[in-house]
Number of protein chains: 2
Amino acid sequence: MSRRRPLRLPEPTVARLPVYQRIAENWRSRGHSSIDSSQLGDQAGVTATTVRRDLAGLGSLGVRGAGYDIETLLNHIAEALGQDRTYRVVIVGVGNLGRALANSTSFLVRGAELVGLYDADLSVIGSTVARHVVRDVHGEIDLADVAVLCVPPEAAQAVADRLVRAGIRALLNFAPRVLTVPQGVAVHYVDFSIELQILTYHLVSGMGLLGGGVLHSVGIPNERPVGGDA
Amino acid sequence: MSRRRPLRLPEPTVARLPVYQRIAENWRSRGHSSIDSSQLGDQAGVTATTVRRDLAGLGSLGVRGAGYDIETLLNHIAEALGQDRTYRVVIVGVGNLGRALANSTSFLVRGAELVGLYDADLSVIGSTVARHVVRDVHGEIDLADVAVLCVPPEAAQAVADRLVRAGIRALLNFAPRVLTVPQGVAVHYVDFSIELQILTYHLVSGMGLLGGGVLHSVGIPNERPVGGDA
DNA sequence: GGATGTGAAGTAGTTCACAGCC
DNA sequence: GGCTGTGAACTACTTCACATCC
């Protein structure tokens, strides 16, 4: 747990590390104590070389001839991604999506800690979701590291403005709307319909292949005849 | 709408086109009839040159000295992304997330058409969501172009197997689980917690900046003192 | 033997700078 | 004048191939 400096990693690597993390944990829960770059690569949909290059960036944590010790690997990835710190997260907009995120056991993990829920709807304000009382988004907003926006698109910019004014410097925006924020504020977009469009594009164009790019677009070209038939 | 061949576009371009599309529509709804590459770039968080390079790939649709006619632009992007076709979509797993997606007015757009909802929970099967009766995922599954997976992670692989066996060749997977599918099946992952981790990484490392990459990670470094203060 | 880590080569995507057209 | 479209330069990432070490 040596407190290390930020460590600047290539952007695609940052996007893949959480994937390796998930795979390694899965592997561990199945009783393995080590994993090698081809296994990681097959699962993640990238080449073994890419995996090694990514991991080499975190320091020399592999064992030649034997692969990576899962425990060591997980520690180093967590540290590289800054997960030895905790992040205060608020969710704004408690509709179906906000509720799904707040209650999910896999969303707020690795240092992310839910500290507040906000909504504008009076019929929701005051109710309890995921053990938090939903508060009025027009009232005082607690300081947090990250705000998750799950509000209707029309409201997104106004809410973002409020959050920024309340001192929040990172937004995860689920509203299908481009946001304008001042310098120094990070916005990360997740847009379901865009993901779907990327997929359908590949359907007519690339045709099923789409190996490559793990990120949010992994196509895993693993053999596997599926199920019992053919 | 000249029926054109697939048109192979660079992957990052494919991810940005839907963003331009959204921006252009926004612009249009505010009364503009044309837009130029810097305006698109500012909004999308990329350089004007990148926008021009992306759009030049669709054919020569700009007007020198004047920018892009919004109507023309939207037509060409829609065609390039294959949106002049329709896609039959099923949603599997009707929890909070599945419900949110089914009811969203911005998810199933541009050719995507909801044709079925499936779940394994008996208390949900038979109920009506988004004007569709939820059917048993263990029963017959209608043929569709794309399946959207919103099931718990433990169930994801088994459900994916069923869907593939039912002839579905494209999956949009919201379950935080890596899936193994046979060659020829496309999987596109959307993982909320990974998005959050990428954002928090930038928080400690890059520090607020993160210009670049529109994709799902746009940081828009637009000036804008926010709200009325300052 | 076997799998890592890494120079060197290759590929993909972005940015520069400017010619071309409205 | 202004903004597009694009060859050329550059930068970033991936892949190859192999020396290195357990």
Side-chain angles (χ1 to χ4, degrees), chain A residues 8-17 19-20 24 27 32-70 72-73 76-77 80 198 206 209-215 217-219 221, chain B residues 8-17 19-20 24 27 32-42 44-70 72-73 76-77 80 206 209-215 217-219 221:
Chain A
R8 185 165 286 305
L9 301 165
E11 209 32 53
T13 299
V14 173
R16 282 188 298 258
L17 288 178
V19 179
Y20 301 154
W27 226 256
H32 297 85
S33 68
S34 80
I35 188 168
D36 69 41
S37 58
S38 345
Q39 294 167 320
L40 277 166
D42 286 351
Q43 289 274 304
V46 298
T47 65
T49 308
T50 296
V51 173
R52 291 204 298 279
R53 192 63 76 188
D54 285 339
L55 298 183
L58 314 186
S60 208
L61 39 81
V63 182
R64 287 162 204 252
Y68 300 87
D69 174 71
I70 290 185
T72 312
L73 181 62
H76 282 250
I77 294 179
I198 293 172
L209 89 128
L210 81 127
V214 170
L215 211 4
S217 34
V218 190
Chain B
R8 186 165 288 303
L9 301 165
E11 209 30 57
T13 299
V14 174
R16 283 188 298 258
L17 289 178
V19 178
Y20 301 154
W27 225 255
H32 297 84
S33 67
S34 79
I35 189 168
D36 68 42
S37 59
S38 348
Q39 293 168 319
L40 276 166
D42 287 352
V46 297
T47 65
T49 307
T50 296
V51 173
R52 291 203 298 278
R53 190 68 72 189
D54 285 339
L55 299 182
L58 315 186
S60 208
L61 40 79
V63 183
R64 289 164 202 249
Y68 300 85
D69 174 69
I70 290 184
T72 312
L73 181 62
H76 282 250
I77 294 179
L209 90 131
L210 80 126
V214 170
L215 212 4
S217 37
V218 189

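Throughout, protein chains are lettered first and strands after them, A, B, ... in sequence-line order, and every chain is numbered starting at 1.
Rounded to whole angstrom, the span from the CG atom of L73(B) across to the C1' atom of dT4(D) amounts to 13 Å. A straight line from CG of L9(A) to P of dA12(D) spans 14 Å, rounded to a whole angstrom. In this structure, the CG atom of L17(B) is 13 Å from the P atom of dG13(C), given to the nearest Å. For I70(B) and dT4(D), the CD1 to P distance is 13 Å, given to the nearest whole Å. The distance between atom CG of D36(A) and atom P of dG1(C), rounded to the nearest whole Å, is 18 Å. For the pair Q39(B) CD and dG2(D) P, the interatomic distance rounds to 14 Å; values are reported in whole Å. Computed from coordinates, the L55(B) CG to dC3(D) P distance equals 15 Å when rounded to whole Å. Nucleotide dC21(C) holds its C1' atom 17 Å from the CG atom of D69(B), rounded to whole Å.
No side-chain heavy atom of V63(B) sits less than 4.5 Å from a side-chain heavy atom of D69(B).
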**Request:** Apply side-chain contact (heavy atoms from CB on, under 4.5 Å) to the pair V51(B) and Q39(B), showing each step before the final yes or no.
**Result:** CA-CA 10 Å; V51(B) 173; Q39(B) 293 168 319; over 6 Å; no
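Between Y68(B) and dC22(C), a side-chain N or O to OP1/OP2 separation shorter than 4.0 Å is absent.
If you check dG13(C), dG5(D), dG5(C) against the side chain of E11(B), the one that comes closest is dG13(C). Between dG5(C), dT4(D), dT6(D), one nucleotide has an atom nearer to the side chain of A56(A) than all others, and that is dG5(C).
In this structure, the separation between OG1 on T13(B) and CD1 on I77(B) is 11.0 Å, given to the nearest 0.5 Å. The CG atom of L73(B) sits 8.0 Å away from the CG atom of L58(B) when rounded to the nearest 0.5 Å. Atom CG of residue D36(A) and atom CZ of residue R52(A) lie 9.5 Å apart, to the nearest 0.5 angstrom.
In this structure, S38(B) reaches neither bases nor backbone, as no heavy-atom distance under 4.0 Å exists between it and the strands shown. At a threshold of 4.0 angstrom between heavy atoms, the contacts of L61(A) are confined to the sugar-phosphate backbone, with no base atom among them.
Checking side-chain atoms of Q43(A) against main-chain N and O of L40(A) turns up no donor-acceptor pair under 3.5 Å.
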Each nucleotide N or O in nucleotides 14-17 of chain C that has a protein N or O under 3.5 Å away: list the pair and distance.
from	atom 1	to	atom 2	distance (Å)
dT14(C)	OP1	R16(B)	NH1	2.7
dT14(C)	OP1	R16(B)	NH2	3.4
dT14(C)	OP2	R16(B)	NH2	3.0
dT15(C)	OP2	T47(B)	OG1	3.1
dT15(C)	OP2	T50(B)	OG1	2.8
dT15(C)	O4	R53(B)	NE	3.1
dT15(C)	O4	R53(B)	NH2	2.8

Hey, what are the protein-to-nucleotides 20-22 of chain D N/O distances that come in under 3.5 Å?
from	atom 1	to	atom 2	distance (Å)
dT20(D)	O2	R64(A)	NH1	2.5

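Considering all non-hydrogen atoms of both residues, S34(A) and A66(A) come closest at OG-O, 3.9 Å. Listed here is the closest heavy atom pair of Y20(A) and A44(A): CE2-CB, 3.9 Å. In terms of heavy-atom proximity, A80(B) sits nearest to L9(B) at CB-CD1, 4.3 Å.
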